[in-house]
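Basis for what follows: all heavy atoms, side chains included, without hydrogens, waters or symmetry-related copies. In this text the structure is predicted, and so the values were computed from the model without any measurement.
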Amino acid sequence: MKVKTLLFLLLLIIFTSCNQNSVVENSLNLVWEISESGRTLYPDTLPVVSKYEIQVLKDGSLVRSITDITETFCIISNLNTGTYNIIVTGISENGLKILQGTTDAEVLDYEINNSTLTLKYFFDEADSGSISVNSNWLASGYLIDTAKITILDSDGLDVSPGEITVIDNISFNASISDLPPGIYSMKLEYFRGEEVINIPMLFSVVVFPGIETICDFALDQTDFNPYWSINYAGFRSITEYGDGYKAIDASLLDPEQTCFDLLGNYYIADKLHHVIRKVSPEGIITTVAGSWVEGYSGDGGGATMAMLAEPEGVAVDSLGNIYIADTGNKRVRKVDTEGKIWTIAGTGEYSSSGETTNGMFAITAQLYTPIRLTLKGDDILYIVDKEDHRIRELDLNTGIINTFIGTGISGNYINGAVATATPISYPTGIAFWGDDVYITCNNYGLAKIDSTGILTILHTTLRPYNSLTIDAEGKLYIPQRTTVLLIGTDGGASIIAGNSGNSIAGYYGNGLLATEANFFDVKHVSIASDNSIYLSDSSNGLIRRIDSNGIINNVIGTYGAYIGYGRPAVDAKLLSVKDVAEDSLGNKYLADIVNDQIQKIDSSGIISLFAGSGVTGRSGDGGLAINAMFNDPTSIAIDSNDNLYIVDSNNNVIRKIDTSGIITTIAGVGTQGYYGDGIAATEAIFNYPKGIFCDSADNLYISDTGNNVIRKIDSSGIITTVVGFGELGYFGDGGLATDSKLNAPRNVFVDTDFNIYIADTGNNVVRYVDHATGKISTIAGTGSPGKTNGGVSAVTSMLNQPYDVALDKYGQLFIAEFNNDRILRVSSNGIINTINSYGYYPFISDPVFVFIDREGVLYAGSESIALKYVYSFEYYNDKF
């Protein structure tokens with residue numbers, strides 16, 4: 001059955017076939033549900049068992065083994081078209097196999113494509129962009145029979161590849177994938193029988209190539225406010241960046257084992273990204289295995305759609321097959337030359353006794369922590385199973401696994417013992433030279449096993465924590481975290497990288513002798529065909545190369561620097577962006593306090609460096625802004641002539657970049673204090689200012705945070721205090737703003753009528769200054785830190801450190817609430833609601849700014865070390 005024009009395939013094939021077991025006579029009927037995302041097994045009758053085991057066979061060969069299933073169903077995904085034999089075995093609490101049922105399942109012929117609708121628990125991510133919908137009925141009493149979705153293009157034409165109907169009376173999740181880039185609308189209808197129980201809702205979503213576009217919306221009893229979000233800049237998953245670009249600009253997260261193939265491609269086990277990366281001889285990086293999501297899936301399918309879990313090892317044979325130590329999954333997997341992935345060793349489970357029977361099929365064996373892989377020719381794969389205290393030997397032709405060395409019990413080498421009889425302790429590497437085998441162990445150094453299988457201890461004082469590599473001359477390379485040790489063929493040891501006199505973990509030495517450099521946990525060494533040495537400097541997120549002269553340089557990954565210039569901003573890595581501003585041409589600017597720089601995203605979405613050398617300091621006035629030094633540029637604003645203003649917070653000054661790119665200081669003398677009302681702003685003194693806003697008349701408003709005031713610089717350059725008088729507190733509502741007290745105000749916003757909105761952060765409130773009267777009031781928050789759910793008056797709602805505020809054209813106020821991880825909206829009638837928080841995708845941790853551009857799009861950003869994103873919310877409301 002073909003599915004070119006269907007969004008999902010749901011076939012139900014029911015059949016029964018049973019075997020009898022000698023322990024308990026019982027039959028097990030299986031229902032086999034087929035969809036493009038997975039297949040589900042449902043036992044019809046369930047005996048009293050502790051767990052289930054499932055084996056999937058094709059043509060008599062085991063292709064999948066699933067154990068320790070405690071639920072009454074199992075999803076088996078990524079099976080190719082064909083006929084399978086399924087064996088389901090029930091296991092009693094005492095370990096007896098008390099039931100065995102079998103069935104033959106014929107998977108019908110169908111065409112897999114990316115135009116699919118997946119419902120509830122399944123998710124397909126497309127190459128060209130996808131839309132995900134999540135709907136939850138928040139009010140009771142709204143039971144439905146079906147929900148129907150219609151996809152419309154920008155001309156309002158129905159482009160749904162078939163009717164999309166969702167059956168669920170409480171909630172649903174749906175993913176529509178493989179939409180071409182463009183603007184679409186979704187029409188959502190709810191039904192009870194034939195009755196439409198709510199008005200169809202129409203809304204738009206922008207889809208960008210390769211970007212997952214999420215639609216989150218909810219219905220309650222009083223207000224319907226759908227919000228859509230796309231990533232405007234920054235990663236949609238943590239530092240997922242680099243593919244298709246130069247490897248030097250890529251992001252790595254704890255790179256572990258690496259290797260070269262015969263064509264000069266370089267492979268990296270990018271552990272905490274849960275992927276295997278490949279760097280071509282031309283220096284371009286791609287992902288060859290893993291979907292950037294931690295988990296276990298994908299066997300039989302494309303390797304880049306599979307899930308891995310913290311892979312630490314990689315090896316490549318002469319044919320180009322890739323072997324992966326899928327460490328977190330306790331398995332070894334293989335990517336064949338067609339790009340398909342398979343599990344070749346390990347069940348994914350490990351018991352304390354361990355299943356170590358020699359001569360068994362590797363796919364039924366237990367591994368504990370496979371961390372390193374070494375090939376001997378194309379026939380034998382050695383698996384360093386660190387915490388099982390063994391190195392295993394897998395015959396790739398037969399699939400049989402044996403123990404090569406170790407007893408499974410941690411202990412010191414026994415000099416002169418047979419390898420399989422000596423204990424080892426936390427092995428980290430294995431390498432071959434002629435007929436000799438070298439191994440390293442974390443706790444007991446280096447040993448050699450000769451051709452007769454006898455072990456000889458070579459070094460006991462080394463601490464080879466991570467791996468072992470041997471070059472074409474038989475020299476051994478042993479990383480020791482902050483140094484790399486070379487063992488010559490004569491047994492002599494020397495340090496070739498890292499400073500023995502300064503073994504503190506860190507980063508230093510690019511362009512210098514490798515022996516002068518600092519490292520932060522070197523995990524592996526690989527030798528290139530030109531004999532240059534490649535090091536995985538894991539905690540620094542780098543691959544570093546030592547050339548023939550002993551000079552070290554970074555070749556893959558970046559350290560601290562901004563990633564993404566000249567490329568789409570959605571691919572960029574942002575380091576703690578604190579603010580966004582927009583010029584008259586639609587270009588956006590980002591204040592990046594980690595790099596002490598200002599980034600620019602042009603109207604086509606390409607990001608570039610706009611200002612700042614990346615070196616912390618204060619310099620550059622009178623010259624090009626790109627060469628200037630900043631110290632914590634926390635906020636930016638743009639006037640009607642496209643001049644850009646920067647709060648250079650730790651320098652206690654306000655700086656201006658004109659349209660020719662020249663930077664000057666327009667306020668502050670650079671010292672800390674409080675001085676200057678009624679004088680030229682260049683003579684004023686600030687105390688760690690944090691926020692800036694430019695009104696429609698080009699007046700600048702400064703949140704002078706350390707002085708607990710809001711100050712104004714008019715178009716003639718004169719500075720005055722307009723809110724507060726320098727004393728910390730929460731006071732003054734109903735009176736003149738200049739007589740009030742603030743507490744560490746972070747940001748300020750001024751509307752077209754010159755009314756002032758203040759994120760009074762330390763007081764946990766938002767304050768408002770009426771321009772006509774000059775009086776101040778509280779419009780959100782009670783003054784006590786806390787968290788109040790939405791749907792109530794803003795003045796009765798508790799906030800926790802509001803950092804920024806912005807007003808849209810409808811009079812709705814948006815608040816970035818730092819400590820509650822929320823973006824809040826106060827409607828024009830004073831009711832407050834959450835539009836983004838934990839439980840609402842995408843979750844923003846510690847939001848620090850909100851900004852609304854000329855098109856009415858709301859941007860929100862986080863300084864979280866885990867979520868380095870800028871989010872864009874396209875919002876729609878039918879009630880204000």
Side-chain angles (χ1 to χ4, degrees), residues 255-262 264 266-267 313-316 371-377 382 384 391 404-405 413 419 424 427-442 444-451 454-500 503 509 512-517 519 521-538 543-553 555:
E256 293 262 350
Q257 188 176 12
T258 64
C259 67
F260 285 93
D261 67 13
L262 295 181
Y266 182 66
Y267 297 80
V314 62
V316 183
I371 64 163
R372 299 288 179 261
L373 302 176
T374 299
L375 281 162
K376 188 175 184 182
Y382 290 85
V384 177
I391 297 177
F404 177 73
I405 185 170
Y413 300 132
I424 59 177
T428 56
I430 181 171
F432 297 89
W433 176 250
D435 293 329
D436 295 329
V437 184
Y438 294 86
I439 65 168
T440 48
C441 289
N442 194 335
Y444 207 62
L446 175 68
K448 180 178 77 172
I449 302 168
D450 64 22
S451 58
I454 302 301
L455 181 142
T456 301
I457 300 172
L458 300 181
H459 289 275
T460 60
T461 58
L462 305 179
R463 286 297 176 264
Y465 294 103
N466 292 315
S467 62
L468 172 67
T469 303
I470 196 165
D471 67 13
E473 297 177 355
K475 295 178 289 187
L476 297 168
Y477 299 80
I478 302 175
Q480 299 197 108
R481 290 188 173 167
T482 58
T483 59
V484 177
L485 198 66
L486 174 66
I487 308 293
T489 54
D490 60 356
S494 60
I495 292 175
I496 63 163
N499 187 339
S500 60
S503 59
L512 303 177
L513 287 171
T515 49
E516 300 176 15
F519 303 90
D521 206 0
V522 180
K523 290 289 183 68
H524 192 69
V525 174
S526 286
I527 311 298
S529 59
D530 63 357
N531 293 322
S532 58
I533 301 166
Y534 286 69
L535 313 179
S536 299
D537 192 358
S538 293
I543 304 297
R544 305 173 77 178
R545 176 180 179 268
I546 304 174
D547 66 19
S548 58
N549 296 316
I551 303 299
I552 193 164
N553 279 289
V555 290

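Listed by chain and number, the residues in a side chain to side chain contact (heavy atoms under 4.5 Å, CB included) with S467 are R372, P479, H524 (sequence neighbours excluded). Evaluation of the side chain to side chain contact (heavy atoms under 4.5 Å, CB included) rule for S494 yields L486, I496 as partners, not counting sequence neighbours. Every residue two or more places apart in sequence or in another chain that forms a side chain to side chain contact (heavy atoms under 4.5 Å, CB included) with N531 is listed here: I527.
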Inset, instruction - Please report the C-alpha distance between D547 and N553 in whole Å, then the side-chain angles of each, then the deciding distance to 0.1 Å, and finally whether the side-chain hydrogen bond (donor to acceptor under 3.5 Å, both in side chains) criterion is met. - result: CA-CA 8 Å; D547 66 19; N553 279 289; 5.3 Å; no

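The shortest side-chain heavy-atom distance between I430 and F404 falls under the 4.5 Å cut-off. L513 is listed as a side-chain neighbour of I551, based on a closest heavy-atom distance under 4.5 Å.
One distance of note links CG of L455 with CD1 of I424; it measures 9.0 Å at 0.5 Å rounding. Note: I478 CD1 to L468 CG = 5.5 Å, rounded to the nearest 0.5 Å. Rounded to the nearest 0.5 Å, atoms CD1 (I439) and CG (L458) are 9.5 Å apart.
Heavy atoms of other residues, nucleotides or ligands lying less than 6.0 angstrom from CG of D530 number more than 12.
Between the side chain of N466 and the backbone N or O of V522, at least one donor-acceptor pair lies under 3.5 Å. At distances below 3.5 Å, at least one donor-acceptor pair connects side-chain atoms of Y413 with backbone N or O atoms of G445. Between the side chain of T469 and the main chain of V525, a donor-acceptor pair closer than 3.5 Å is present. The main-chain N or O of P255 is found under 3.5 Å from a side-chain atom of S538 such that the two form a donor-acceptor pair. When atom types are taken as modelled, the side chain of S536 and the backbone of E256 share a donor-acceptor pair closer than 3.5 angstrom. Put simply, the side chain of T489 never gets that close to the backbone of G474: no donor and acceptor are under 3.5 Å apart. The main-chain N or O of D435 is never found under 3.5 Å from a side-chain atom of S451 such that the two would form a donor-acceptor pair. Not a single donor-acceptor pair under 3.5 Å links the side chain of Q480 to the backbone N or O of L485.
Here the shortest heavy-atom pairing between V314 and C259 reads O-SG, 3.9 Å.
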